[in-house]
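First comes the structure, then the notes that go with it.
In the text below, chain A, chain B and the rest are named by the order of the sequence lines, each starting its count at 1.
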Amino acid sequence: MLPPRYDPSEVEPRVLARWEKADPWRCDPHSRKPPYSIVIPPPNITGRLHLGHNLVYTLHDLLIRYKRMDGYEACWFPGTDHAGIATQNVVERALAREGLTRQAVGREEFERRVWAWKEKYGNEIVDQLKVLGCSCDWSRQRFTLDPGLSRAVTLAFVRLHREGLIYRGEYMVHWCPRCGTALSDVEVEHEEADGHLYFIRYPLEEGGHVTVATTRPETMLGDTGVAVNPHDERHRGLIGRMALLPLLGRRLPIVGAREVDPAFGTGVLKITPGHDPVDREIGKRHTLPTMDVLNPDGTINDHGGPFAGLDRFAAREEIVKRLKAEGLLEKVVPYRHAVGHCQRCRTRVEPKISTQWFVRMTPLAEPAIQAVRSGRIQFVPDRWAKVYFDWLEGIRDWCVSRQLWWGHRIPAWYGPDGEAFIALDEAEARTLAGERYGREVPLRQDEDVLDTWFSSALWPFSVMGWPEKTVELRVFYPTSVLVTAFDILFFWVARMAMMGLHFMEEVPFREVLITPFIVDERGQKMSRSRGNMIDALEVKESHGMDALRFTMAQSSTKGREIRFSQRQLDEARNFENKLWNMARFILTNTEDLPVGGSLEGRLLSVEDRWLLSRLSGLVDKVRTELDRYNFHLATDALYHVVWHELCDWYLELAKLRLQGGDREERITCQLVLREALDLVVRLLHPIMPFLTEEIWGHMGEKGSLSRAAYPEPCPEWRDLEAEGQLGRLMDLIREVRAVRAEVGVLAGAEVDLVLVAGGEELARAFAPAIQRLARAASVRHEPGARPPHGAARGVAGEIAFFLPVGELVDWEAVRARTRRDLEKARAELGKLETRLANPQFREKAAPDVVSKAEEEAQALRARCARLERYLAD
RNA sequence: GGGCGAGUAGCUCAGCGGGAGAGCAUCCGGCUUACAUCCGGAAGGCCAGAGGUUCGAUCCCUCUCUCGCCCACCA
């Protein structure tokens, strides 16, 4: 006997253990089934599962379970990401708690510690994925720093380099002073911030001055020129003259540059080629020297003269103070502008000239653009394609080197003269060096590592064993679908597309499903710093993982954000319990059913036919909506049919037949119940795997439900006649209940029901059901009978009835209710009639729309007539 | 400065060319032996605003307003 309350904390671990043991998701590339594959967006080893993960992984799992059940060889490749900066930061923080820094312990020790950290915590996230129910093929789990995947990374780098798509050079990059590394463009987040615009006087060599405006006065230490727009009447004459850098006295040539906006500030721009991309361009054109004034940690270096050693912000203050003292600070005005921050640590980044490795993106981007344009990759919703195009079309080269210690070491070795040898390993580099120098020379490997996203870009094929020609690659590449939030569209999705097309000459996935973004109940982005992250495991504790998964599926609309809602979660938990009790009811009431019974050839009652018809519709609906990634519509349909049709109506009706009725009828009913349970459990399994698997076990089934077949469409069950008849029955019962409630008949009291017009077939076929569900003492059909004094009346569709309740009736309530109903019906009828009276409507509207309107109008006229007669009494 | 999304019942949100819906909250009534995480009933909406297309618009088009997000080297 099942307990009356579903307890996920008891069931889920048990189901999990069963899965762990049976390993039901190991896939076989040699099977003849059509392949369906997904590679996991690898979670960071630093991660803990939050709702964002939960959404993405739930949807992946939902799809893979659906396809697996539906006859595909469905393979989900799991794994984790070393997550360069993120992980390094976490371990550095741990070191800091010991009073250490990575520099203090040294690179080797640091790497050892990160690995140790990974061994200790890296599997936590994997365990969490399992707890979530992810049906991955765990035998294929990979890590981006695994030897195989590292080889793939090295090979990709070497190949790109030989193809001229990777180069090294001195360019302006975003620099995070806290992380001490260069960043790519996408790792910089721009945020509006209140700052100041400083107007500074630069003396002219021959007397007088010009005033420049800047938001970063400290960068003046690196100024090597001044520029004005050559078309600017006011300043044109300055070109070719010399200004003097305040505080340092450096001579600054004044040049003309069209980039200078005469309308901004004073129309005079100070040129700092070491710390501003526009200045860099202008500087290059006019052969102004480039001067880097920042140390890697953001302090001023020796070029800063008296300010050397100060932090950039301290230097700013100091410089402003000195300028003011010397009368060179004309004014300071408040100024709001966007400033770049390090995605990982929120530190303000600095543009800084530096020598880095870059991937040439334009040649890689072109095929990736074409792949989407031609439809070989499809975005869902497709509006994301535009965002993708916009980014790729304006793409700039990708800075891939990072001054970090945790990651794939760049496979470049330098000779004594600084010549770089790019090779798969040191031996190969040595050979290359030997060819150049003609002798053994000492080589030094590049200290830097690659952007963590470089390995991620290769993930869809590196997890399948690339560069080997594996059977997995042959069968499962390209993958079927990728599910992700939009925040890694550029970081990951676009780069996978480019690398997949380049190295595999084929897209990495056919569809990209972009999910909404989860925000908290107040609509705020969830983030660690806000402290509003919701831990999936805590939700699991309180509501069960299936409830969370159900909520995720239900929330997964085509909108842009999902507002997390506790109530919705409660609702899902209630649904869990409902399902549990539905199963409990069906199982206990079918215990005596002989196994192997079949509905085949049995005489079905109207409600049986109605239920099967509804379930047939449900199967179609769920399949259609899942195929379209409309998870919320599939979920809503399941919720509604299971709860409000199967449970509220069929189960209630079934009770009659299970108690009384003849034996054959009871068996039929039991068979229908089992059929319904079987179907519902299969349909729901991808969404609520734990609960359904548990019920499946109680149904006496062997093996995992996850390997059972997904319900096929069953058009032979469609029965509109039964649906119509049950619809009328439900209307009548509802109306009787409503009248009773309105009129104040005690819920427990049984009163007679007299149908005075219409409904004879219902009364004949369903009298016991009506008695039970509408709490009627008896059901009589007496056409034209006059209600006695003190009878409550009602009209359900075309059926008129009364309840002789005598003194119980609140007469005012009855009349008020009838009047209201009549008004409503009349208004509705009025609208319909004007529409029908319009010749253009009859002419242009679809025929079925017209006939439907006519039918409705007729029904409404009948209803009005009945209501009017009641009122007239 | 570009681009995108959202504005529907008190709240959270579905629906998106021919009936304005769900859950929660509210009110009324129920321990009807699967479930009180339940059952029955009720109340609640110029579907942001203004134009347009259409026989017909919450749904399509244009504009406006209000929020939110993404992208962008104006110092």
- Item | Under 4.0 angstrom between A:Arg563 side-chain N/O and B:rC13 OP1 or OP2 | yes
- Does a nitrogen or oxygen in the side chain of A:Arg835 sit under 4.0 Å from OP1 or OP2 of B:rG19? yes
- A:Gln858 atom CD, neighbour heavy-atom count above 12 within 6.0 Å: no
- Query: How does protein contact run along nucleotides 32-44 of chain B, one letter per nucleotide 5' to 3', with B for base contact, S for sugar-phosphate only, - for none, heavy atoms under 4.0 Å?
  - Reply: S-BB-BSSSSSS-
Could you tell me whether [X] contacts a base, only the sugar-phosphate backbone, or nothing, with contacts defined as non-hydrogen atoms closer than 4.0 Å?
X: A:Gln568; result: nothing
X: A:Phe389; result: nothing
X: A:Val260; result: base
X: A:Asn838; result: sugar-phosphate
X: A:Tyr335; result: sugar-phosphate

Using 4.0 Å as the upper bound for N to carboxylate O, is an ion pair formed by [Y] and [X]?
X: A:Asp390; Y: A:Lys386; result: yes
X: A:Asp731; Y: A:Arg734; result: yes
X: A:Arg312; Y: A:Glu218; result: no
X: A:Glu828; Y: A:Lys824; result: no

Can you tell me how far [atom2] of [N] sits from [atom1] of [X], to the nearest Å?
X: A:Glu192; N: B:rG1; atom1: CD; atom2: P; result: 11 Å
X: A:Glu561; N: B:rG68; atom1: CD; atom2: P; result: 10 Å
X: A:Leu832; N: B:rG19; atom1: CG; atom2: C1'; result: 9 Å

- Item | Whole-Å C1' distance, B:rC35 and B:rG30 | 15 Å
- Item | A:Met545 and A:Leu548, any side-chain heavy atoms less than 4.5 Å apart | yes
- Message: If you assign each of A:Lys831 and A:His337 to its closest nucleotide in RNA chain B, which residue comes earlier from the 5' end?
- Response: A:Lys831
